[in-house]
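First the structure, in the form of structure tokens, and then the observations on it.
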Amino acid sequence: MDYRTIRQEASDEFTERRSRFIGTARPVQHEAEATEWIAGLRQKYWDASHNVYAYILREGNLRRYSDDGEPQGTAGLPVLDVLQKEGLCDLCVVVTRYFGGILLGGGGLVRAYSHSAKLAVDAAGIKTMRPCAVLELDCDYSLYGKISYLLPQFGVKTLGSDFGAVVHLRLLIAAGRKEGFVKQLQELSSDTVRPYLCEEYFAELD
């Protein structure tokens, strides 16, 4: 099943009524990784008024958030809501606030933390990860042209190639397209090309 996550660690900030909000997002896959990173940001922004966080992990279907001293429901939950509405997982967002002396009120806090989380996610970029298969195959040079023509039709990425006595290809394909691709290969090669499965993992194909 496909899932959406962010491409890289990134941050962005804005000021609301003299309060400075710094949103930082990072890809994470395990809870220990998330908590360690949060601790590092708290150390970095040790003088901030609040370091609010939220993270969603595929592992254990975890969802966690903290208001870090802000009124309950005005900070961590709005950050988490942004991540959920974007359909994201395997990421953590920390919103750091330097209080500017002017109270924002409950609604103002919700809007500010939501906006900061969205800025961080947008800065990090979003990608879709799909279940993929890595296939390897050997073919004669006489078939290489036909196979090269077939690859883009199935959205196949070439991970590696070796041109020796025969052509050896290492390919990445969406798991859902593998069966059709293998069938086409067998048909165009009269069943002389038989790719074998090396590994399976989630990857970005687009």
Side-chain angles (χ1 to χ4, degrees), residues 1-14 21-45 48 50-68 70 73-97 110-135 151-152 154-160 170-178 181 197-206:
M1 186 175 181
D2 297 356
Y3 70 91
R4 282 158 52 91
T5 189
I6 54 175
R7 294 183 179 277
Q8 61 191 352
E9 181 173 339
S11 64
D12 200 353
E13 64 178 87
F14 78 104
F21 290 87
I22 307 167
T24 310
R26 178 179 177 171
V28 293
Q29 294 185 326
H30 309 289
E31 187 164 29
E33 184 183 0
T35 55
E36 182 179 349
W37 182 66
I38 292 166
L41 280 185
R42 281 178 167 164
Q43 190 172 29
K44 178 181 179 180
Y45 297 116
H50 308 277
N51 282 292
V52 169
Y53 69 78
Y55 57 85
I56 299 177
L57 304 175
R58 286 189 305 134
E59 183 182 70
N61 194 30
L62 281 179
R63 286 165 172 74
R64 297 279 189 271
Y65 68 89
S66 169
D67 293 314
D68 193 34
E70 292 282 31
T74 64
L77 189 56
V79 173
L80 182 66
D81 282 345
V82 169
L83 308 189
Q84 292 182 144
K85 286 175 182 176
E86 292 284 345
L88 300 171
C89 61
D90 281 358
L91 81 161
C92 180
V93 171
V94 174
V95 178
T96 300
R97 181 191 184 191
V110 169
R111 287 190 295 273
Y113 278 103
S114 298
H115 182 58
S116 191
K118 184 66 165 64
L119 286 178
V121 166
D122 288 347
I126 295 174
K127 64 181 180 180
T128 299
M129 303 293 285
R130 295 184 169 87
C132 292
V134 176
L135 303 175
L151 300 184
F154 286 86
V156 179
K157 278 187 177 180
T158 301
L159 299 179
R170 183 175 175 87
L171 308 171
L172 181 69
I173 185 171
R177 296 177 175 178
K178 182 183 67 173
F181 175 65
L197 178 66
C198 296
E199 54 183 321
E200 295 177 304
Y201 54 77
F202 280 88
E204 182 187 16
L205 279 174
D206 298 333

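Predicted model only: the values in this text are computed from it and were never measured.
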L119 side chain near S11 side chain, heavy-atom distance below 4.5 Å:
no
Sequence-distant partners of Q8, side-chain hydrogen bond (donor to acceptor under 3.5 Å, both in side chains), two or more places apart
none
Considering residues, nucleotides and ligands other than Q84, do more than 12 of their heavy atoms fall under 6.0 Å from its CD?
yes
Can you confirm whether E9 sits close enough to T24 that some side-chain heavy atom of one is under 4.5 Å from a side-chain heavy atom of the other?
yes
Heavy-atom check, side chain of F14 versus side chain of H115, under 4.5 Å:
yes
Worked check of side chain to side chain contact (heavy atoms under 4.5 Å, CB included) between L62 and I56
CA-CA 6 Å; L62 281 179; I56 299 177; over 6 Å; no
Find out whether L197 and K178 are in side-chain contact, i.e. whether some heavy atom of one side chain is under 4.5 Å from a heavy atom of the other.
yes
Name every donor-acceptor pair, under 3.5 Å, that has one atom in a side chain of residues 87-94 and the other anywhere in the protein, sequence neighbours excluded.
from	atom 1	to	atom 2	distance (Å)
D90	OD1	R58	N	3.0
D90	OD2	R58	NE	3.2

Heavy-atom nearest pair, V82 first then S114, reads CG2-O, 3.6 Å
For Y65 and Y53, I'd like to know if the aromatic rings sit close, meaning centre-to-centre distance below 6.0 Å.
no
Restricting to ring pair (Phe, Tyr, Trp, His ring centres under 6.0 Å), what partner residues turn up for F154, sequence neighbours left out?
F181
Do other residues, nucleotides or ligands put more than 12 heavy atoms under 6.0 Å from R111 CZ?
no
Do NZ/NE/NH1/NH2 and the carboxylate oxygens of E199 and R170 come within less than 4.0 Å?
yes
Where do S116 and V95 come nearest, in terms of heavy atoms and distance?
OG-CG1, 3.4 Å
So do the side chains of M129 and T5 get within less than 4.5 Å of each other, counting heavy atoms only?
yes
Measuring from Y113:OH to T74:OG1, what's the distance to the nearest 0.5 Å?
7.0 Å
Can you name the nearest heavy-atom pair linking R177 to I173, along with the distance?
O-CD1, 3.6 Å
Output all residues satisfying side-chain hydrogen bond (donor to acceptor under 3.5 Å, both in side chains) with E59, sequence neighbours left out; order by chain, then residue number.
H30
Interatomic spacing from CD in E204 to CG in D2 - rounded to 0.5 Å
11.5 Å
For a side-chain hydrogen bond (donor to acceptor under 3.5 Å, both in side chains) check, start with the C-alpha distance between T96 and N51, then their side-chain angles and the critical distance, and finish with the verdict.
CA-CA 4 Å; T96 300; N51 282 292; 2.6 Å; yes
Check against side chain to side chain contact (heavy atoms under 4.5 Å, CB included), V156 and L172
CA-CA 6 Å; V156 179; L172 181 69; 5.9 Å; no
Flag, side chain of H50 to backbone of D68, donor-acceptor distance under 3.5 Å:
yes
With Y55, which residues qualify under side-chain hydrogen bond (donor to acceptor under 3.5 Å, both in side chains), at least two apart?
E31
Would you mind reporting whether V52 and R97 have side-chain heavy atoms less than 4.5 Å apart?
no
Heavy-atom closest pair (P27 atom, I6 atom, distance to 0.1 Å) is N-CD1, 3.6 Å
Is it true that a side-chain atom of D67 and a backbone atom of G76 form a donor plus acceptor pair closer than 3.5 Å?
yes
Once side-chain hydrogen bond (donor to acceptor under 3.5 Å, both in side chains) is applied, do any residues pair with D122, and if so which ones, sequence neighbours excluded?
K118
Taking side chain as C-beta onward, heavy atoms only, is P131 less than 4.5 Å from F202?
yes
To the nearest 0.5 Å, what is the distance between CG (L77) and OG (S66)?
11.5 Å
Min side-chain heavy-atom separation E86-I126 under 4.5 Å
yes
Rounded to the nearest 0.5 Å, what's the gap from CH2 on W37 to CZ on R42? Could you check?
11.5 Å
Please assess E33 against R26 for the test side chain to side chain contact (heavy atoms under 4.5 Å, CB included), listing each intermediate value before the final yes or no.
CA-CA 10 Å; E33 184 183 0; R26 178 179 177 171; 4.3 Å; yes
